[in-house]
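Inspection log for the structure reproduced underneath, given as structure tokens.
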Number of protein chains: 2
Amino acid sequence: MTGPGLRARKKQDTRAALAAATLELAAEHGLAAVTVEQIAARAGVSYRTFFNYFSGKEEALLRPGGAGPGTFGPRLLGQDPALPVLAAARAALHEELAVLESDRAAWQLRLTLIADDEALLPRLVELGATGEREMTAAVAARTGQDAERDLYPALVGAVLGCAVRVTLARWHRLEGRAPLPRLLDEALDALAAGLPDPASPS
Amino acid sequence: MTGPGLRARKKQDTRAALAAATLELAAEHGLAAVTVEQIAARAGVSYRTFFNYFSGKEEALLRPGGAGPGTFGPRLLGQDPALPVLAAARAALHEELAVLESDRAAWQLRLTLIADDEALLPRLVELGATGEREMTAAVAARTGQDAERDLYPALVGAVLGCAVRVTLARWHRLEGRAPLPRLLDEALDALAAGLPDPASPS
DNA sequence: CGCAAGATTGCACTGTGTGCAAGAAAAGTG
DNA sequence: CACTTTTCTTGCACACAGTGCAATCTTGCG
């Protein structure tokens, strides 16, 4: 009974080493100036092996745990079915984002790199596209609609993705001085209220 | 008085030829299977020249007119200042999307390629990021808020981008059987209403 | 015509990402 | 433990993206 098995453990180690090397090197020189060769060297692995774990530097930086199955769907479906969709999504998103706060320093650093590199934000969206599809599917399941044909699930999925993105950007700009859950609630409140014109510049 | 001048006209011709070649070849083989070399050859220019016009195949496909200054900002600011932001944005977006209907076949084809290639949708978002920044800035100007610090402009800019994206996807799925303006209105109505749960599956 | 501005092109070079096959390491089996 | 199978790693070769530079050609204009 070796549990996960030696093999799987080494694999996870390598993945973590690659992700860490990417984060360090990107913090030092900016992601654009870092080559996969350098990352692999720092992680003690060959160039070729890097691509056994990640499809590119961006993925290594933004999705350090690898692809994985995604957790939003189950979480959304686990909420009280009596809740309106937006309220259920809010609860599910709070659970999702809790991960980020547990590894705050690293994620703040990643957000810094995203803000700097300017070409990474779309990449984040790209990776977030998976999450968006997942949200769309989960919303469709909850409302009994068709994820492909109906407007509502696609729109809610996309908009929730936006809300998360904007929230993370604000969290970063405030350097974590404001709690992430509160920022998320502000964004979702504005959405649920129909994005009314703001009172006036405070 | 040659008007635009021969030089500028030739430049536009070359740009148009490259964009058209990209669209044709992508329609034939899928964008991923097309090389810049092929595109340049079909347009009758050298490989190197392609990059004088576009930063890559994706831009040639999704932004055939080149970068350009962006028109949403002026359009939003040209709306009646008494209008709520969302209503003004709706009017401005209708003007923006009118372009697509004037060249319907080509844009439907582009949307098909986006749907097929699966790696292009994020690229669309990437190019749309410019538009999103523009929308954010315009909204901030209209509300007298700070595009950098305040939640509202960033959220509205991002969400409008989502709404456009989802609307285009639906328009494509319906193969133009529904008028684009109506689809956009449906999405914006849902947003303005605060994304209430849908009635029930019709 | 003849010069200046600007566009096109070829060349060389770095880096990405992939397919393939050989080799090393772990897991399973008697 | 020895042997096989499975899985991961690695090197090699390759096609393509994208960029800097310098030479060359074209257009605009005096």
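Proteins get letters first, then strands, A, B, ... in listed order; numbering begins at 1 in each. Since we're looking at a predicted model, the values are computed, not measured.
- Glu101(A) CD: more than 12 foreign heavy atoms inside a 6.0 Å radius.
- The CD-C1' distance, from Glu37(B) to dG18(D), rounds to 13 Å in whole Å.
- For residues 134-177 of chain B, the set of pairs meeting the disulfide (SG to SG under 2.5 Å) definition, not counting sequence neighbours, comprises Cys162(A)-Cys162(B).
- The CD-C1' distance, from Glu58(B) to dG18(D), rounds to 12 Å in whole Å.
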What's touching nucleotides 8-10 of chain C from the protein side, N or O pairs under 3.5 Å?
{"residue": "dT8(C)", "atom": "OP1", "partner": "Tyr53(B)", "partner atom": "OH", "Å": "2.9"}
{"residue": "dT9(C)", "atom": "OP2", "partner": "Ser46(B)", "partner atom": "N", "Å": "2.9"}
{"residue": "dT9(C)", "atom": "OP2", "partner": "Ser46(B)", "partner atom": "OG", "Å": "3.4"}
{"residue": "dT9(C)", "atom": "OP2", "partner": "Thr49(B)", "partner atom": "OG1", "Å": "2.5"}
{"residue": "dT9(C)", "atom": "O5'", "partner": "Ser46(B)", "partner atom": "OG", "Å": "3.3"}

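- Contacts of Ala137(A) classified as side-chain contact (heavy atoms from CB on, under 4.5 Å), with partners at least two apart in sequence or in another chain: none.
- Considering only residues two or more places apart in sequence or on other chains, Pro84(B) meets the side-chain contact (heavy atoms from CB on, under 4.5 Å) condition with Asp197(A), Ala87(B).
- Distance Phe50(A) CZ to dG17(C) C1': 11 Å, rounded to the nearest Å.
- Nucleotide dA17(D) holds its P atom 15 Å from the CD atom of Glu59(B), rounded to whole Å.
- Rounded to an integer number of Å, the gap from CD of Gln38(B) to C1' of dA17(D) is 14 Å.
- Screening residues 156-180 of chain A for side-chain hydrogen bond (donor to acceptor under 3.5 Å, both in side chains) gives Thr112(A)-His172(A), Arg165(A)-Glu132(B), Arg170(A)-Glu186(A), Glu175(A)-Arg177(A) as the qualifying pairs, with residues at least two apart or on separate chains.
- Atom pair Arg9(A):CZ and dA26(C):C1' shows a separation of 12 Å (rounding to whole Å applied).
- Taking atom CZ on Phe51(A) and atom C1' on dC8(D), their separation rounds to 17 Å, with Å as the unit.
- Here the C1' atom of nucleotide dG18(D) and the CD1 atom of Ile39(B) are 14 Å apart, to the nearest Å.
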Throw together a table of side-chain donor-acceptor distances under 3.5 angstrom for residues 40-48 of chain B, partners on residues two or more places apart or in other chains.
{"residue": "Arg42(B)", "atom": "NH1", "partner": "Glu24(B)", "partner atom": "OE1", "Å": "2.8"}
{"residue": "Arg42(B)", "atom": "NH1", "partner": "Glu28(B)", "partner atom": "OE2", "Å": "3.3"}
{"residue": "Ser46(B)", "atom": "OG", "partner": "Arg48(B)", "partner atom": "N", "Å": "3.4"}
{"residue": "Ser46(B)", "atom": "OG", "partner": "Thr49(B)", "partner atom": "N", "Å": "3.3"}
{"residue": "Ser46(B)", "atom": "OG", "partner": "Thr49(B)", "partner atom": "OG1", "Å": "3.1"}

